[in-house]
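We use all heavy atoms of the structure for the numbers below, so side chains are in, but hydrogens, waters and symmetry mates are not. Computed from a predicted structure; not experimentally measured. Proteins get letters first, then strands, A, B, ... in listed order; numbering begins at 1 in each.
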There are 2 protein chains.
Amino acid sequence: MRSEKNSSGQEGRSFIETARRAQIVACAIEVIAEVGYAQASLALIAKRAGISKGVISYHFRGKDELIQQVMEEAFALGDAFVRSRVEGRTTAAAMLRAYLEASVEFYRTHRAHMIALLDIWSAFRHEDGRPRFDATTNEPELASVEEILRFGQLAGEFRGFSTRVMAVTVKQAVDGALVQMAAYPDLDLDLYVRELVETFTIATRKER
Amino acid sequence: MRSEKNSSGQEGRSFIETARRAQIVACAIEVIAEVGYAQASLALIAKRAGISKGVISYHFRGKDELIQQVMEEAFALGDAFVRSRVEGRTTAAAMLRAYLEASVEFYRTHRAHMIALLDIWSAFRHEDGRPRFDATTNEPELASVEEILRFGQLAGEFRGFSTRVMAVTVKQAVDGALVQMAAYPDLDLDLYVRELVETFTIATRKER
DNA sequence: TTATTTTTTGGCCGTGCGGTCAGAAAAAAA
DNA sequence: TTTTTTTCTGACCGCACGGCCAAAAAATAA
């Protein structure tokens with residue numbers, strides 16, 4: 001059996017182990033994006049990777065850990081990208097705009113990953129059937145949006161809406177773009193994001 | 001076996017059959033709302049109804065038809081309610097407001113049903129694993145929102161946004177309220193809907 | 001009542017999947 | 001090379017669920 005990957009994590013990862021984990025995660029993303037989470041059995045993922053099913057069980061505690069890994073990777077990637085685009089902006093309006101544009105931009109450039117993520121989001125469950133990912137999963141992202149909004153209010157740029165409700169609404173709007181993109185490949189994302197920016201610029205600014 | 005419930009549907013429904021179907025559907029909603037769709041096996045639903053599992057198979061072509069029935073009932077109910085609140089309004093702004101308020105109101109008064117619906121929405125799949133309900137399922141509702149928006153533009157009340165993008169955004173906002181309500185039982189829905197109304201009133205109106 | 005149809009029962013079956021395991025193979029250490 | 005550890009294989013297991021069915025029971029018709 002594997003040594004231990006407890007606590008701080010990757011201290012005892014051999015070269016092969018690291019490579020295999022990465023390969024398996026990558027294959028999992030591909031397979032899920034192609035056939036959907038429900039059909040993405042360990043057998044299929046293993047086949048894609050050209051290895052035996054047991055290898056996955058050997059390197060991962062189970063399917064759960066594998067999927068978790070996939071999601072964490074996607075989250076981290078997207079978060080870093082959006083964050084890099086937002087920071088540096090000076091006005092809250094610019095930050096909000098950057099958040100919207102960067103989010104959608106990330107969706108566009110990571111289409112397959114996002115489709116996989118979307119599917120995992122709704123299909124990945126605990127053993128008792130409860131969703132692994134739900135509203136609470138969004139809280140961190142929601143918090144950063146709220147931060148922007150509060151900043152805008154403090155700076156006198158934004159009107160006095162509930163930052164919580166507005167943050168949820170903004171996040172939902174962005175999710176909407178993702179869902180539409182996934183469902184309608186020909187969707188004009190440029191138009192879409194332009195509309196979102198305009199809408200939320202108007203909706204948040206101080207009334208004159 | 002059952003006679004036929006083809007095409008137009010309920011011509012040949014006996015008294016018992018009608019009653020049983022209704023009972024089973026009701027029990028399915030209860031069970032799903034309580035334990036979630038994934039755990040809501042036919043066995044459990046039957047147990048709740050105090051009948052044998054086979055009865056469900058006898059009255060429904062399968063689990064699929066049962067769930068479909070549950071959803072159709074919920075959709076029809078909600079649609080009728082919202083529609084009744086919207087029609088009669090004279091201005092587009094009032095219609096939009098009514099749409100928002102009625103939607104959230106319906107969620108509030110049908111909490112259990114809505115939670116079941118939410119779960120089914122993400123968990124109910126075709127045999128090949130593809131979602132039964134997806135973006136396209138929303139098109140009818142989206143169309144009625146778009147109708148309001150277009151009317152507002154024609155009447156000169158609303159600014160010149162993309163009605164499609166705005167409709168999706170509005171729908172997403174309302175869905176957001178539902179998700180938040182499901183996740184946080186203490187959510188202040190009155191505040192929430194007030195904020196939504198204000199936000200979209202501002203976001204849609206013609207700039208002065 | 002008897003005959004016929006509808007409805008219900010409860011157990012059985014197939015299926016598909018994640019997980020496991022003993023042993024083979026490969027890699028690393030001695 | 002020999003020994004030891006890591007990695008991999010491929011078959012097998014158990015479980016849970018939806019579906020099925022033959023026969024019982026209940027309702028209805030004759």
Check your understanding: So which of residues 116-132 of chain B are in contact with DNA chain C, with a heavy-atom cut-off of under 4.0 Å?
Key -> none

Practice item. Would you indicate, yes or no, if C/dT8 has its OP1 or OP2 atom less than 4.0 angstrom from a side-chain nitrogen or oxygen of B/R20? Key: yes

Are any protein N/O atoms closer than 3.5 Å to N/O atoms in nucleotides 16-21 of chain D? If there are, list each pair with its distance.
unit_1 : atom_1 : unit_2 : atom_2 : d
D/dG18 : OP1    : B/K63  : NZ     : 2.6
D/dG18 : OP2    : B/L42  : N      : 3.0
D/dG19 : OP2    : B/K63  : N      : 3.1
D/dG19 : O6     : B/K53  : NZ     : 2.3

**Study point:** Pairs satisfying side-chain hydrogen bond (donor to acceptor under 3.5 Å, both in side chains), at least one member in residues 171-181 of chain B, at least two apart
**Key:** A/R164-B/Q180, B/E141-B/K171, B/K171-B/D175

Check your understanding: Are a donor atom and an acceptor atom from the side chains of A/R97 and A/T91 found within less than 3.5 Å of each other?
Key -> no

Between protein and nucleic acid, restricted to nucleotides 25-30 of chain C and to nitrogen or oxygen atoms under 3.5 Å apart, what atom pairs and distances do you find?
none

Revision key, fill the gap. B/R20 meets the side-chain hydrogen bond (donor to acceptor under 3.5 Å, both in side chains) criterion, sequence neighbours left out, with B/Q23

Check your understanding: Taking only residues two or more places apart in sequence or in another chain, which ones pass salt bridge (Lys or Arg N to Asp or Glu O under 4.0 Å) with B/R89?
Key -> none

**Study point:** Pairs flagged by salt bridge (Lys or Arg N to Asp or Glu O under 4.0 Å) wherever residues 39-58 of chain A is involved - sequence neighbours left out
**Key:** A/E30-A/R48, A/E34-A/R48

Review point. Hey, is the side chain of B/Y58 poking within less than 4.0 Å of OP1 or OP2 on C/dT8, counting only N and O atoms?
Key: no

**Study point:** Set of salt bridge (Lys or Arg N to Asp or Glu O under 4.0 Å) partners for B/R108, sequence neighbours left out
**Key:** B/E105, B/D190

Exercise for review: Sequence neighbours left out, what passes salt bridge (Lys or Arg N to Asp or Glu O under 4.0 Å) with B/E72? Give chain and number order.
Suggested key: none

Exercise for review: Measure the angle between the two terminal helix axes of the helix from C/dT1-D/dA30 to C/dA30-D/dT1, five base pairs each, and quote it to 10°.
Suggested key: 0°

Check your understanding: Partners of B/F106 by ring-ring contact (aromatic ring centres under 6.0 Å, His included), sequence neighbours excluded?
Key -> B/F81, B/H110

Practice item. For B/D186, check side-chain hydrogen bond (donor to acceptor under 3.5 Å, both in side chains) against everything at least two apart and list the hits. Key: none

